[in-house]
Amino acid sequence: WIAKQWDLVARRKLPAVHPSYPQKLLISVQMACAVAFTALGFLLLRTSWSVVEFVHDYTEGSPDGFFDIEIDRDMEPPVWVYYSLEGFHQNHRRYVKSLDRLQLSQAAISFETSDLSACDPWVAIDNRVNYPCGLIARSVFNDTYTIMRSLGPAEDSQWSHLELDDSAEAIAWDSDPVGFRNLDPEQEVEPGLTNEMLLRMWLLELFPPVRCVQKVVAPGKPPVPVHIAMRKVQIPQNTIREDLGGQTVEVPNCTGYMGTPTCSFLRQGKPFECSGDYELMKPADWGIESGRFIAWMRVAGVPHFL
């Protein structure tokens, strides 16, 4: 019986219903759709005309580390700044699966590499668990940039720092991962043993709780980036990770993460007090709660990341 029915289906012999609508109704519906979609297309076209876009490809980089974008048209707020990566395949199966959301949400913080197999193959370095771990987190866009605004038309005019809102509230989508919570690096796991000793909290170097930014750029004062300084600490003996006991590790030289944070900085490899043409800036969010990190964790399905 099944074979007979399938034969009828294959030869299109089964009874079928062919609804017939009045010609006037069909013509009316088609005309209404044509008018509606024409109006929608014109609206989208008008909207695209009002968009002012400036694109600069710095793949090859510039010898002095900065480039100019001349704005020759007025731009109405809000003004959005995007970075775009071409040929970056985020949809590889091994890449997409290399993530532990429990670690990012503090639902299950583990100091043992064996508990974080979901992050394979980037789980730990020198037996210290990466926080966060996984290939998605590891490949976060780590370019540093600042946007300066010219204070005058002359070529020798000064440039001032233009603050950007890159907080999670401003740039994250509703569909982006939620529930990411920073782990306090200074919290003690045992007396004299803190989270930043057991975990390799590498993301704090990229998204620290305090930043030092250059306020002014002028002839003779080129942009020079400032980085978070590191300090060495020794892991006590006889801890929950006996294999790490006695080791000396580097941690970001910051304190007061969950209150009033302070950090030490390096400029051109030397200690820097963040003064003069530089100023301290406290971002709206830091670490794994950073808007840039949360937006990066949005895995793309095409080889073009924006």
Any chance you could measure [X], atom [atom1], to [Y], atom [atom2], to the nearest 0.5 Å?
X    : Y    : atom1 : atom2 : answer
Q214 : E279 : CD    : CD    : 10.5 Å
F180 : M297 : CZ    : CE    : 5.0 Å
Q247 : K232 : CD    : NZ    : 13.0 Å
T113 : N130 : OG1   : CG    : 10.5 Å
L104 : I136 : CG    : CD1   : 9.5 Å
T239 : Q237 : OG1   : CD    : 8.0 Å

If I compare all heavy atoms of [X] with all of [Y], which pair ends up nearest, and what's the gap?
X    : Y    : answer
C133 : V123 : CB-O, 4.0 Å
W202 : A137 : CH2-O, 3.1 Å
D166 : I171 : O-CD1, 3.6 Å
S110 : L199 : O-CD2, 4.0 Å
T255 : E186 : CA-OE2, 3.3 Å
Q103 : V129 : NE2-CG1, 3.9 Å

Same cluster or not: are [X] and [Y] linked, directly or through other Ile, Leu, Val, Met, Phe, Trp or Tyr residues, by side-chain heavy atoms under 4.5 angstrom apart?
X    : Y    : result
F37  : V35  : no
V213 : L204 : no
L162 : M281 : no

Salt bridge (Lys or Arg N to Asp or Glu O under 4.0 Å) filter on E289, not counting sequence neighbours, yields none
Hits for salt bridge (Lys or Arg N to Asp or Glu O under 4.0 Å) against D243, two or more places apart or cross-chain, chain-then-number order -> R241
Does the pair R128/E250 count as a salt bridge with the N-to-O cut at 4.0 Å?
no
- request: Over 60° means perpendicular and under 30° means parallel, so classify the ring planes of F42 and W49, tilted if in between.
  value: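 Geometry flag for F42 against W49: perpendicular rings.
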Dump the intermediate steps for side-chain contact (heavy atoms from CB on, under 4.5 Å) on N182 and Y257, then the final yes or no. CA-CA 10 Å; N182 280 318; Y257 286 92; over 6 Å; no
Does any N or O in the side chain of [X] come within less than 3.5 Å of the main-chain N or O of [Y], such that one atom is a donor and the other an acceptor?
X    : Y    : value
Q234 : T248 : no
S48  : L45  : yes
T38  : A34  : yes

> Between C274 and C212, is the SG-SG gap under 2.5 Å?
Replying inline: yes
Taking atom CZ as the centre, does R267 end up with more than 12 heavy-atom neighbours from other residues, nucleotides or ligands that are less than 6.0 angstrom away?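 Count over threshold, so yes.
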Checklist entry - Any side-chain heavy atom of V249 sitting closer than 4.5 Å to one from E196? => result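 Contact flag for V249/E196 side chains = no.
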Heavy-atom side-chain proximity of F207 to D285 below 4.5 angstrom |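 SC-SC contact between F207 and D285 ruled out.
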If hydrophobic residues (ILVMFWY) are linked whenever their side-chain heavy atoms come closer than 4.5 Å, directly or via other members, who joins V224 in its cluster?
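Via sub-4.5 Å side-chain contacts, V224 links to V210, V226, I228, F265, F272, Y278, L280.
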* To do: Just do the side-chain contact (heavy atoms from CB on, under 4.5 Å) check on D277 and K215 with the steps written out, would you?
  => CA-CA 5 Å; D277 294 329; K215 295 183 297 183; 5.5 Å; no
**Asked** Run the side-chain contact (heavy atoms from CB on, under 4.5 Å) check on R231 and V251 step by step: do they pass?
**Response** CA-CA 6 Å; R231 59 187 173 89; V251 300; 3.8 Å; yes
Could you go step by step and tell me if L266 and M230 meet the side-chain contact (heavy atoms from CB on, under 4.5 Å) rule?
CA-CA 9 Å; L266 293 176; M230 305 294 287; over 6 Å; no
